[in-house]
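What follows is one structure encoded as structure tokens, with my remarks underneath.
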Amino acid sequence: MSYADVYRRSITDPEGFWMEQAQAIDWVSAPSRALFAEKAPLYEWFKDAQVNTCWNAVDRHVEAGRGEQLAIIHDSPITHATKGITYRELRDRVASLAGALRAKGVEKGDRVIIYMPMIPEALEAMLACARLGAVHSVVFGGFAAHELAVRIDDAKPKAIIAASCGLEPGRVVHYKPLLDAAIDAAQHKPAFTVIFQREQEVAKLIEDRDFAWHTFQYGVEPAECVPVSGDHPAYVLYTSGTTGQPKGVIRPTAGHLVALNWTMTNLYKIEAGDVFWAASDVGWVVGHSYICYGPLIAGATTIVFEGKPVGTPDAGTFWRVIQNHKVKSFFTAPTALRAIKREDPTGAFIKEYNLKNLQALFLAGERADPATIEWAQQHLGVPVIDHWWQTETGWAIAGNPLGIELLPVKVGSPTVAMPGYDVQVLDEGGHPLPPGQLGAIAIKLPLPPGTLPTLWNAEERFRKSYLTTFPGYYETGDAGYIDEQGYVYIMARTDDVINVAGHRLSTGAMEEILASHPDVGECAVIGVADELKGQLPMGFLCLNKGTNRPHAEVIKECVALVRDQIGPVAAFKLACVVDRLPKTRSGKILRATMVKIADGEAFKTPATIDDPAILDEIRSALKTLGYARS
Ligand code: COA
Ligand code: AMP
């Protein structure tokens with residue numbers, strides 16, 4: 001079957017198409033149908049099934065004779081260590097951890113927060129929750145205590161599983177003090193924590209609240225897989241919205257299994273026994289779908305990589321991992337390739353390794369710029385496939401289905417809509433636009449299986465954020481166009497979300513923190529173009545009347561405040577003091593115009609601007625920071 005046939009069938013006969021895909025999953029009790037539209041525009045898939053994610057990701061492969069195959073390879077250039085875990089070992093470790101969690105009272109539906117670095121134990125913690133039907137919420141290690149506290153208060157976890165430390169080049173990330181501070185700051189208190197003590201830093205445990213990973217499992221009864229209903233949340237993953245309150249994206253169990261399984265064969269061309277590597281972090285959606293669940297559901301070997309594209313120890317690390325572990329499909333973010341390209345423009349490191357097993361490179365997380373794609377195509381000699389998706393969808397909205405057929409690559413486009421996604425470009429009034437015209441990208445409801453059914457504890461926010469602007473559609477928050485051949489082009493965000501090194505961040509959240517500084521009266525944060533990270537946040541601060549402290553001092557404090565509150569991942573280092581912010585007459589800050597000035601792009605002074613002279617002040621402030629060059 002061609003891609004066109006597969007896609008057409010998914011749109012004209014979604015019930016038949018998805019029920020057929022569902023056959024690849026081991027059900028405790030099979031779904032009677034695929035789509036449940038009773039609560040439209042809220043949709044659910046395979047709701048009446050009974051199933052367990054951990055069984056499908058682990059146990060069934062042992063039963064099928066894959067017990068001795070590696071399930072996980074941990075490759076950690078930062079600790080100079082490599083180790084493997086077979087499917088049988090993984091099953092036993094996960095069953096034991098789940099048994100220990102259960103012995104302490106964790107049950108189906110309870111939430112468990114996981115705050116861990118890139119070690120196999122992070123996946124084991126996720127799978128142990130899945131085994132019990134507990135709902136995990138992984139928090140990225142680069143977030144600080146405040147962000148963790150916000151998530152604790154929203155998810156109200158019974159337990160938190162963390163490691164004693166993370167390791168960044170040249171610095172130990174002290175997780176335990178961050179965790180303690182977060183628990184202190186949160187209203188909700190977890191019943192207990194489990195701490196994986198790493199040899200690089202052993203953390204102090206609080207008696208009766210913190211339990212050490214190994215001792216906590218001593219003598220426990222291993223847990224079996226607990227069946228859950230198809231609509232049961234497999235996990236909640238928080239992602240940035242337009243305010244400081246992150247959105248808790250719910251991943252429904254059954255749709256997640258069916259959709260990820262489909263993508264492994266049809267998009268990534270990976271079968272049981274193959275090696276798949278996504279060089280992301282378990283704290284992001286890519287890590288959930290393609291470090292943990294996708295490859296394991298498919299019976300493949302997944303790689304947990306603890307390192308950076310450059311500097312651990314050099315720009316050849318990725319190629320070494322691909323060679324040594326015989327990686328077949330590789331997934332990374334364009335920013336990682338840009339970092340490598342900057343250090344190794346001629347691809348000299350690539351030539352040092354044998355990449356004969358590599359069949360394709362997949363890119364996502366941010367717009368893939370043509371120069372980076374072309375560099376990778378030239379030096380790797382395999383298809384370089386950009387694909388577009390979001391935390392909300394959990395798998396690709398648009399991609400190039402290598403496992404079905406490789407469609408011609410058009411550099412700058414993540415190719416075509418994946419099954420079940422009716423992608424359209426709409427004008428402001430919600431009318432579909434003809435090919436080639438730029439507009440808001442929306443997806444006609446229902447979204448396919450595996451995508452978010454709603455937000456955790458926030459159904460109204462879900463409706464308002466995604467379903468209200470264009471009734472009958474899901475609003476992606478991205479803008480772009482579709483060409484005559486159906487190729488999708490993603491050009492920009494329509495909201496105040498920015499993308500820094502493939503990390504999705506909220507400028508609104510940063511503004512809330514800057515505004516809490518006693519000398520800051522008003523502020524705005526925008527994303528400015530950056531050659532390496534795609535975008536960088538930049539803050540504009542208007543100081544309170546009467547503040548006569550040196551500007552440099554206030555800026556330094558503001559930079560420290562964002563790092564302390566959101567975390568180093570915000571990469572907030574650029575700020576300037578201005579007298580006023582450019583606004584419309586109704587008081588809306590003209591952030592888009594400020595971005596254009598910073599990036600040196602042509603723009604029209606908005607007709608609604610209150611005082612055009614402010615734009616010159618902004619331009620000169622930006623010039624002092626090395627921006628606003630045209
Ligand atoms: N725990 C703690 N801190 C972390 C962290 C983690 N898991 N991950 C990143 N950080 C810190 C970094 O150490 C850095 O701190 P610093 O300000 O003290 O230097 C800060 O957060 C910003 O990190 P980052 O934006 O990643 O920049 P970098 O300079 O460390 O590395 C790249 C630049 C391009 C090499 C890196 O961003 C990269 O590999 N990106 C790939 C992103 C990716 O895979 N995204 C997933 C989407 S698919
Ligand atoms: P996240 O939820 O963190 O995965 O971020 C999702 C957002 O990242 C999308 O809405 C896009 O703005 C951007 N994004 C992800 N993948 C791509 C891509 N391939 N091309 C362009 N933008 C992308």
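Order of listing sets the numbers, starting from 1, for every ligand and every atom in it.
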Original post:
Is the closest protein non-hydrogen atom to atom 4 (C) of ligand 1 under 4.0 Å?
Top reply: yes

**OP:** Verify the neighbour count for atom NZ of Lys596: are there more than 12 heavy atoms of other residues, nucleotides or ligands below 6.0 Å?
**Re:** no

**OP:** Could you tell me whether some N/O pair between Thr476 and ligand 2 is separated by less than 3.5 angstrom?
**Re:** no

Original post:
Quick check: does Ala368 get an N/O under 3.5 Å from an N/O on ligand 2?
Top reply: no

**OP:** Could you establish whether Gly477 and ligand 2 come within less than 4.0 Å of each other, counting only heavy atoms on the residue side?
**Re:** no

Original post:
Which one holds for His503 and ligand 2: side chain close, backbone close, both close, or neither close, with close meaning a heavy atom under 4.0 Å?
Top reply: neither

Subject >> Under-4.0 Å heavy-atom contact with ligand 2, by part of Trp389 that carries it >> reply: backbone

**OP:** If you have a sec, work out which protein heavy atom is nearest atom 8 (N) of ligand 1 and how many Å separate them, to one decimal?
**Re:** Phe140 CZ, 3.4 Å

**OP:** Select one of side chain, backbone, both or neither to describe which atoms of Lys573 lie under 4.0 Å from any atom of ligand 1, heavy atoms only.
**Re:** side chain

Original post:
Quick check: are there more than 12 heavy atoms from other residues, nucleotides or ligands sitting under 6.0 Å from CZ of Arg342?
Top reply: no

Original post:
So is there a nitrogen or oxygen of Lys533 less than 3.5 Å from a nitrogen or oxygen in ligand 1?
Top reply: yes

**OP:** Could you check if a side-chain atom of Trp395 sits within less than 4.5 angstrom of a side-chain atom of Thr451, using non-hydrogen atoms only?
**Re:** yes

Subject >> Part of Val497 within contact of ligand 2 (heavy atoms, under 4.0 Å) >> reply: neither

**OP:** Tell me which part of Arg338 gets within contact of ligand 1: side chain, backbone, both or neither, using heavy atoms under 4.0 Å.
**Re:** neither

Original post:
Under 3.5 Å between some N or O of ligand 2 and some N or O of Glu392?
Top reply: no

Original post:
Given the protein's heavy atoms, is any one of them under 4.0 Å from atom 22 (C) of ligand 1?
Top reply: yes

Original post:
Within the structure, does at least one protein heavy atom fall under 4.0 Å of atom 31 (O) of ligand 1?
Top reply: no

**OP:** Assign the ring pair Phe140 / His503 to parallel, tilted or perpendicular, where the plane angle (0 to 90°) is split at 30° and 60°.
**Re:** tilted

**OP:** Decide whether Asp75 and Trp277 meet the rule of one side-chain donor and one side-chain acceptor closer than 3.5 Å.
**Re:** no

Original post:
Do Glu168 and ligand 1 have an N or O pair less than 3.5 Å apart?
Top reply: yes

**OP:** Answer with side chain, backbone, both or neither: which part of Met118 has a heavy atom less than 4.0 angstrom from an atom of ligand 1?
**Re:** neither

Subject >> Within reach of ligand 1, part of Pro169 (heavy-atom separation under 4.0 Å) >> reply: neither

**OP:** Going by heavy-atom distance to atom 45 (N) of ligand 1, choose the closest among Ala501, Gly534, Gly365.
**Re:** Ala501

Original post:
Is there at least one pair of N or O atoms, one from Ser280 and one from ligand 1, spaced under 3.5 Å apart?
Top reply: no

Original post:
Do NZ/NE/NH1/NH2 and the carboxylate oxygens of Glu168 and Lys308 come within less than 4.0 Å?
Top reply: yes

Subject >> Atoms of ligand 1 close to Val173 [distance to a heavy atom under 4.0 angstrom, numbered from 1] >> reply: 2 (C)

**OP:** State the atoms of ligand 1, each with its element, that fall below the 4.0 Å cut-off from a heavy-atom position in Ala279.
**Re:** 44 (O)

Original post:
Numbering the atoms of ligand 1 from 1, which are under 4.0 Å from a heavy atom of Lys308?
Top reply: 8 (N), 9 (C), 30 (O)

Original post:
Relative to atom 47 (C) of ligand 1, which among Gly502, Ala570, Gly283 owns the nearest non-hydrogen atom?
Top reply: Gly502

**OP:** Measure from NZ or CZ of Arg151 to the centre of the six-membered ring of Phe143 and say whether it is under 6.0 Å with the direction within 45° of the ring axis.
**Re:** yes

Original post:
Quick one: does Thr335 get a heavy atom under 4.0 Å from ligand 1?
Top reply: yes

**OP:** Return the residue, atom name and 0.1 Å-rounded distance of the protein heavy atom closest to atom 48 (S) of ligand 1.
**Re:** Val286 CG2, 3.4 Å

**OP:** May I ask you to list the atoms of ligand 1 that are less than 4.0 angstrom from any heavy atom of His503?
**Re:** 26 (O), 42 (C), 45 (N)

Original post:
Going by heavy atoms, is Phe331 under 4.0 Å from ligand 1?
Top reply: no

Subject >> Residue-ligand contact Arg171/ligand 1, heavy atom below 4.0 Å >> reply: yes

Original post:
Does ligand 2 have a heavy atom under 4.0 Å from the side chain of Thr391, from its backbone, from both, or from neither?
Top reply: both

Original post:
In terms of residue, atom name and distance, what is the protein heavy atom nearest to atom 20 (C) of ligand 1?
Top reply: Pro568 O, 3.3 Å

**OP:** Compute the minimum heavy-atom distance from Val569 to ligand 1 and say whether it is under 4.0 Å.
**Re:** yes

**OP:** Could you list which atoms of ligand 1 come closer than 4.0 Å to a heavy atom of Pro309?
**Re:** 35 (C), 39 (O)

Subject >> N or O pair under 3.5 Å between Arg563 and ligand 1 >> reply: yes

**OP:** Please work out whether the ring planes of Trp319 and Phe330 are parallel, tilted or perpendicular, with thresholds of 30° and 60°.
**Re:** perpendicular

